[in-house]
Participant: 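First the structure, then my questions, so here it is.
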Amino acid sequence: MIDYEGIEKKWQDAWREARIFEGEIGGKEPYMVTAAFPYANAPQHIGHLRTYGTADVLARYKRMQGYNVLYPMGFHATGTPVLAFAKRFIEKDKDLIAEMKLFHIPDEDLEKMTDPVYIANYFTKELEKGMHKAGYSIDWRRKFTSIDPFFSKFIEWQFGILNEKGLLTQGKHPVGWCPNENNAVGMHDTKHDLEPEIEKETVLRFKVEGEEAYVLCVTYRPETIFGVTNLFVAENAQYILCKIKGMDGNCYLSKASAEALKHQFDITIINEVAGKEMLQKRCINKKGINQMILPIFPGFFVKEDLGSGIVMSVPSHAPFDYAALQRLKGQGYDISMVKPAKLIEVKAGKITEGKDLVPSELDMPALAYLKLTNADENSLEDLLEAATKLQYKEESHWGRMIVKGYEGMSEPEARESIRKELIAAGEAFDVYTLVNSSPVFCRCGSRIVIKTVENQWFINYGNQAWKEAVQNAYSKMRILPEKSKNAFESAIGWIDLRAVVRAQGLGTKFPFDKDYIIESLSDSTIYMSFYTISNLIREVELDKLKPEFFGYVFLGKGNADKVAESTGIDPETIRKCSESFSYWYKNTSRHSALELIFNHLTMYIFNHVAIFDEAYWPKQIVTNGMVLMEGEKMSKSLGNIVPLLDGIRNYGADPLRAVVISSADLFSDSEFSNEALNGIKERFEYMFSIVQNLEGMGSSGLKQIDYWLYSKLNRKIRDSTASMETLSLRDVATSLIYDSVIELRRYFSRGGVNSIVVKDYMTNLVLMLQPMAPHLSEELWHMLGNDSFASLEKWPTPDESVISDIIEDLEALLESTIVDAKQVSELMKKKENREPREFRLIVASDWKREIQNRLATERNSSTLLQELKGSESITNKETAAKYILSLSKKINEIKSIQFSQKEEYDSLKEAEDYLGSQLKCKVLVEKEEESKSNRASRAMPGKPSIDLIY
RNA sequence: GCAGGGGUGGCAGAGCUUGGCCAAAUGCGACGGGCUUAGGACCCGUUUCCAUAGCGGAUGCGAGAGUUCAAAUCUCUCCCCCUGCACCA
């Protein structure tokens, strides 16, 4: 049995003592692996093994490839989560405390968790402990957190440069806002951790007849302005007439909606108007096709606090509007002046197509969609909603405008161009709305609104020159897995203004407005470079870390002595820092999760391009999926989080690493399951026992099966090396863990006994297992009689000359022959209930191989038949012709045969005993031309004829 | 809605870039058999349907259409699922 706990401790101690993972500048090619900052508000669970484990595999692999590898680690504490976390502790949040209990955090520590800095420090230590126990080859001397003061100095320097280069801008920005606390709110600040979802909608205005005032309507579909027949208000709601700053004329909207919109617009109330009073007014729609005068009706579905509290009615394209009008008609309203207009035609709609719709209904599409959803004007709102969605979907997907001037335009196209026209004409403007399915509340209890923040600072990732430089840099980078390349490309094109400061949270103060703090993704875009000097400047006084110091170290600006003079840092340290950065940072691999492509990783590229010289731009980015727990997402609510330390204790670090890293390719989510884990453990045990029992094994001359094992081994080395290069760790694991055991078992069952061969096999296997299962590898390496660290050994190189398709094919032939023979025997037993006393295996003649190989390359039987006449090597021409004809049926599927009759015969002959033991019967191998069996002629190359002798 | 990625056998998951060797690797499960006092482990076989002294045939890789002598693999259309969408780490 493998004592995982024992070998983990043994080797972790040994590694640490020998300091073999501490990156020092050396003669060898450097290679730096960095993985995303873990966030310091919880200890690790086994999901973390994915990113950090993959990074460690690469680090260990590169080390064995002869690189001088540096794998540093730091921690993230910037932003609001830690603050929110502390807040929840102050409130004694039960869920949170339960979650922390899951991680076995002692009560006395929990009590201190009301202090954000304590929290960050505490989990930083926990995270380091977990990573150490997982066996990561990290150089811990370089660790820092994103709230360490010396790191802030570095970030200030970075933003200074961004500003110098004109990449920071200011402008308006919509945010979720708590009107009570006067604060921007994010997910962490809301009840139930809801993210406020903000969407842009369009406000259209309609002139009121006889007044210098407008009615405002909020809509997603400004293109339907041509078909507006009337407006709807909530009869019992309160409306207001008001002045909106920057707009000519006064506006009508509901009082409730003004309450929310006042955070986006400067609204001055002039007077209040009852809903009933609104009904007296009429509006003008200059764009109307069938009617320009719009009456105002009560609408049953109008919500006073949504949008502007007034809805424009387009009965032809909105089931709600149609239904409301029909209901009014039923109540005796005179709606005779309503003249709907059809604006969009759906010809190829998946759902409407082929349905028997009455032509008149097609002029009123909304009615058609109501019918399709089995609804009518009196249906419940849910049904009307379904009809609306269906119509919206079909029209935006397949709809074409039939309005003059826009004919043939797709609906989304028309929407955008009409919106722009109306805004340019001053008849419309944008508004932001919260689109969460239910209202979002702040933790303080008040309802969240949207506020437009003035003078918000942004990083302008939309800057064209910058974008182009990034695209250029990107084209030279290596992205793994290749599948995520497209995502990067579109992310680079898409990323635009990004708000960069926040009012709250831990982190670095924004240098150009000290009231704000740099937002937490923006302060983590170039921190990896800081690892190259963090261990060297730990003792330097903070106020000495001036911009010119960083400028010299990272950009080579000025000279060391002058910088020493102006900063007071000793010149030796400055030189060392500069040297360290330019040594380590040339060859880097960045590891993070897939979902960070659209923010962190893209910002990482942009900022490197903006700040550093080209030589230090990113070289490689590796992304990976998440870890699922028995098919489900690990989440607090499901309670299926396995803390990393628990996982290591229960399963062993190596099996855990292997299962998480190897159960999926980089792109997919991997799965933690007990089954898979046990499967891996069993294989490890098997390997362990082989090494343990190596002494007792015999030796003999090399037989086919020995050559076979060598062939398999070297093929494995070749393929695994290739897979390692692309970090196809699933393939590596399958080959090393699962296939190896199958091969070894086969070797022994075939009578392999050569301890030298097995030792060679295990030696190479153990080295290749090092990146994935470092402790076990190290242990087995020593059991095999080595004194060095496997971690520092050379990765094996394949000996191509012993990779033999022929030998592997011949071995496969043995297996398939056994299977076939058994099958025949079974069949006969069933049928005639008798057991054979001998199996005769007849190997096909060489002339059959000749023919088969010719057909495989030429794919033409007639020329061959022609040549047959003159052939001297083939004596029985009739048989040969028949053979050709039988093959020609599937002329395109014929495979060529690599081995001769002699090779096939020798292979089977050598294995006669093995075949006999497998078939539990006497086996005799003979050649076709020497056989007296009447089944001899059925033999085909690579498919011996089987004759059962009774 | 936009962007990116997927949909393969009971399940998980290869293969699809470079069409034929793919009824489709491998792992798990299920069933039958062996081994065993028994269980576990291990070994053998079956696991779409039909046929059968093995080497054969049919159907088949989200749906539909197309290209081709030949498609899980290429093209088009559609449906469905997952992830991200910004101040949130």
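First the proteins, then the strands, lettered A, B, ... as listed; each starts at 1.
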Participant: Hey, are the side chains of A/Phe839 and A/Asp947 touching, using non-hydrogen atoms and a 4.5 Å cut-off?
Facilitator: no
Participant: Rounded to the nearest Å, what distance is computed from the CD atom of residue A/Glu685 to the C1' atom of nucleotide B/C42?
Facilitator: 15 Å
Participant: Is A/Glu489 salt-bridged to A/Lys485, cutoff N-O under 4.0 Å?
Facilitator: no
Participant: Between B/A53, B/A86, B/C43, spot the one nearest the side chain of A/Val824, thanks.
Facilitator: B/A53
Participant: Ignoring hydrogens and angles, tell me if any N or O in the side chain of A/Thr51 forms a donor-acceptor pair with the backbone of A/His48 under 3.5 Å.
Facilitator: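 Side chain of A/Thr51 to backbone of A/His48, a donor-acceptor pair under 3.5 Å: no, none is there.
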Participant: Rounded to the nearest Å, what distance is computed from the CD atom of residue A/Glu815 to the P atom of nucleotide B/G45?
Facilitator: 8 Å
Participant: A/Ser720: what forms a side chain to side chain contact (heavy atoms under 4.5 Å, CB included) with it, not counting sequence neighbours?
Facilitator: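 By the side chain to side chain contact (heavy atoms under 4.5 Å, CB included) rule, A/Ser720 matches A/Lys716, A/Ser735, A/Leu736, A/Met768.
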Participant: Considering all heavy atoms of both residues, which atom of A/Phe684 and which atom of A/Ala658 are nearest to each other, and what is their separation?
Facilitator: CZ-CB, 4.3 Å
Participant: Give the nucleotide from the list B/A86, B/G29, B/C43 with an atom nearest to the side chain of A/Trp494.
Facilitator: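 Taking heavy atoms from C-beta onward, the closest nucleotide is B/A86.
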Participant: Who is the Watson-Crick or G-U wobble partner of B/G20, with both distances under 3.5 Å?
Facilitator: B/C69
Participant: Nearest whole Å is fine: how far is B/G1 C1' from A/Tyr220 OH?
Facilitator: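 Distance check: A/Tyr220 OH to B/G1 C1' gives 10 Å.
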Participant: Mind checking A/Asn41 for me? I need base, sugar-phosphate or nothing, with any heavy atom below 4.0 Å counting as a touch.
Facilitator: nothing
Participant: Roughly how many Å apart are B/U73 and B/U17, using the P atom of each and rounding to a whole number?
Facilitator: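 The answer is 10 Å between these two P atoms.
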Participant: Among residues at least two apart in sequence or on other chains, which ones pass side chain to side chain contact (heavy atoms under 4.5 Å, CB included) with A/Ala86?
Facilitator: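 With neighbours one apart ignored, the set is A/Pro116, A/Ile119.
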Participant: Determine, stepwise, if the pair A/Trp457 / A/Phe510 fulfils ring-ring contact (aromatic ring centres under 6.0 Å, His included).
Facilitator: CA-CA 10 Å; A/Trp457 283 91; A/Phe510 187 62; 5.1 Å; yes
Participant: What is the distance from CD1 of A/Ile495 to P of B/G84, rounded to the nearest Å?
Facilitator: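 Those two atoms, CD1 and P, are 16 Å apart.
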Participant: Closer to the 5' end of RNA chain B via nearest nucleotide, is it A/Glu675 or A/Lys920?
Facilitator: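 Between the two, 5'-proximity favours A/Glu675.
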Participant: Which residues, if any, of residues 935-942 of chain A bring a heavy atom under 4.0 Å of RNA chain B?
Facilitator: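 A/Arg935, A/Arg938 - these, ordered by number, are the residues of the stretch whose heavy atoms sit under 4.0 Å from the strand.
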Participant: Could you list all N or O pairs between the protein and nucleotides 22-27 of chain B that sit under 3.5 Å apart?
Facilitator:
none

Participant: Could you measure between the two C1' atoms, the one in B/C81 and the one in B/A63, and give it in whole Å?
Facilitator: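 Their C1' atoms lie roughly 15 Å apart.
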Participant: Expressed in angstrom and rounded to an integer, what is the separation of A/Leu813 atom CG from B/C21 atom C1'?
Facilitator: 16 Å
Participant: Roughly how far apart, to the nearest Å, are B/C22 and B/A71 at atom P?
Facilitator: 16 Å
Participant: Once side-chain hydrogen bond (donor to acceptor under 3.5 Å, both in side chains) is applied, do any residues pair with A/Thr508, and if so which ones, sequence neighbours excluded?
Facilitator: A/Ser152
Participant: What residues form a side chain to side chain contact (heavy atoms under 4.5 Å, CB included) with A/Thr124, not counting sequence neighbours?
Facilitator: A/Ala40, A/Phe75, A/Thr145
Participant: How many Å lie between CD on A/Gln823 and P on B/C44, as a whole number?
Facilitator: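 Spelled out: CD on A/Gln823 to P on B/C44 is 16 Å.
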Participant: Sticking with atom C1', work out how far B/G7 lies from B/A72, rounded to a whole angstrom.
Facilitator: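 That atom pair is separated by 12 Å.
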Participant: Give every donor-acceptor pair under 3.5 Å between a side-chain atom in residues 814-822 of chain A and any protein atom, sequence neighbours left out.
Facilitator:
unit_1	atom_1	unit_2	atom_2	d
A/Glu815	OE2	A/Arg746	NH1	2.6
A/Glu815	OE2	A/Arg746	NH2	3.3
A/Glu815	OE2	A/Tyr914	OH	3.0
A/Ser816	OG	A/Ala812	O	3.4
A/Ser816	OG	A/Leu813	O	3.1
A/Thr817	OG1	A/Leu813	O	2.6
A/Asp820	OD2	A/Lys943	NZ	2.9

Participant: Assign each of A/Asp731 and A/Gly176 to its nearest nucleotide of RNA chain B by heavy atoms, then name whichever residue's nucleotide is nearer the 5' end.
Facilitator: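 Its nucleotide being nearer the 5' end, the pick is A/Asp731.
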Participant: Apply side-chain hydrogen bond (donor to acceptor under 3.5 Å, both in side chains) to the pair A/Ser933 and A/Ser931, showing each step before the final yes or no.
Facilitator: CA-CA 5 Å; A/Ser933 164; A/Ser931 173; 4.5 Å; no
Participant: Give A/Gln918 one of three labels, base, sugar-phosphate or nothing, depending on what nucleic acid heavy atoms sit under 4.0 Å from its own.
Facilitator: nothing
Participant: Can you give me the N/O atom pairs linking the protein to nucleotides 8-10 of chain B at distances under 3.5 Å, or say none if there are none?
Facilitator:
none

Participant: Can you tell me the base-pairing partner of B/G84? Count Watson-Crick or G-U wobble geometry only, both distances below 3.5 Å, and say none if there is no partner.
Facilitator: B/C2
Participant: Now, which nucleotide makes the Watson-Crick or G-U wobble pair with B/G29, with each of the two distances under 3.5 Å?
Facilitator: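 Partner of B/G29: B/U47.
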Participant: Enumerate the residue pairs fulfilling salt bridge (Lys or Arg N to Asp or Glu O under 4.0 Å) with a member in residues 674-689 of chain A, sequence neighbours excluded, ordered by first and then second residue.
Facilitator: none
Participant: With sequence neighbours excluded, tell me which residues meet side-chain hydrogen bond (donor to acceptor under 3.5 Å, both in side chains) with A/Thr433.
Facilitator: A/Glu201
Participant: Tell me what A/His600 touches on the nucleic acid: a base, only sugar-phosphate, or nothing, going by heavy atoms under 4.0 Å.
Facilitator: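 Since no nucleic acid heavy atom lies under 4.0 Å of A/His600, the category is nothing.
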Participant: In whole angstrom, give the distance that lies between atom CG of A/Asn853 and atom P of B/C21.
Facilitator: 18 Å
Participant: Over how many whole Å does the gap from A/Leu919 atom CG to B/G45 atom C1' extend?
Facilitator: 13 Å
Participant: In whole angstrom, give me the gap between the P atoms of B/U77 and B/A3.
Facilitator: 14 Å
Participant: Can you check the distance between B/A58 and B/C21, where both ends of the measurement are the P atom (answer in whole Å)?
Facilitator: 14 Å
Participant: Between B/U83 and B/C74, how far apart are the two P atoms, rounded to whole Å?
Facilitator: 26 Å
Participant: Quick one: sort the A/His173 and A/Phe458 rings into parallel, tilted or perpendicular, breaks at 30° and 60°.
Facilitator: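 Geometry flag for A/Phe458 against A/His173: perpendicular rings.
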Participant: Give every pair of a protein N or O atom and an N or O atom of nucleotides 2-5 of chain B that lie under 3.5 Å apart, one pair per line with the distance.
Facilitator:
unit_1	atom_1	unit_2	atom_2	d
B/A3	O2'	A/Ser490	OG	3.1
B/G5	OP1	A/Asn486	ND2	2.5

Participant: Examine the side chains of A/Ser592 and A/Thr623 and answer whether a donor and an acceptor come within less than 3.5 Å of each other.
Facilitator: no
Participant: Check side chain to side chain contact (heavy atoms under 4.5 Å, CB included) between A/Ser522 and all other residues, then give those that pass, not counting sequence neighbours.
Facilitator: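 For A/Ser522 the side chain to side chain contact (heavy atoms under 4.5 Å, CB included) partners, ignoring immediate neighbours, are A/Phe159, A/Ile459, A/Arg498, A/Val500, A/Ile518, A/Glu519, A/Met603.
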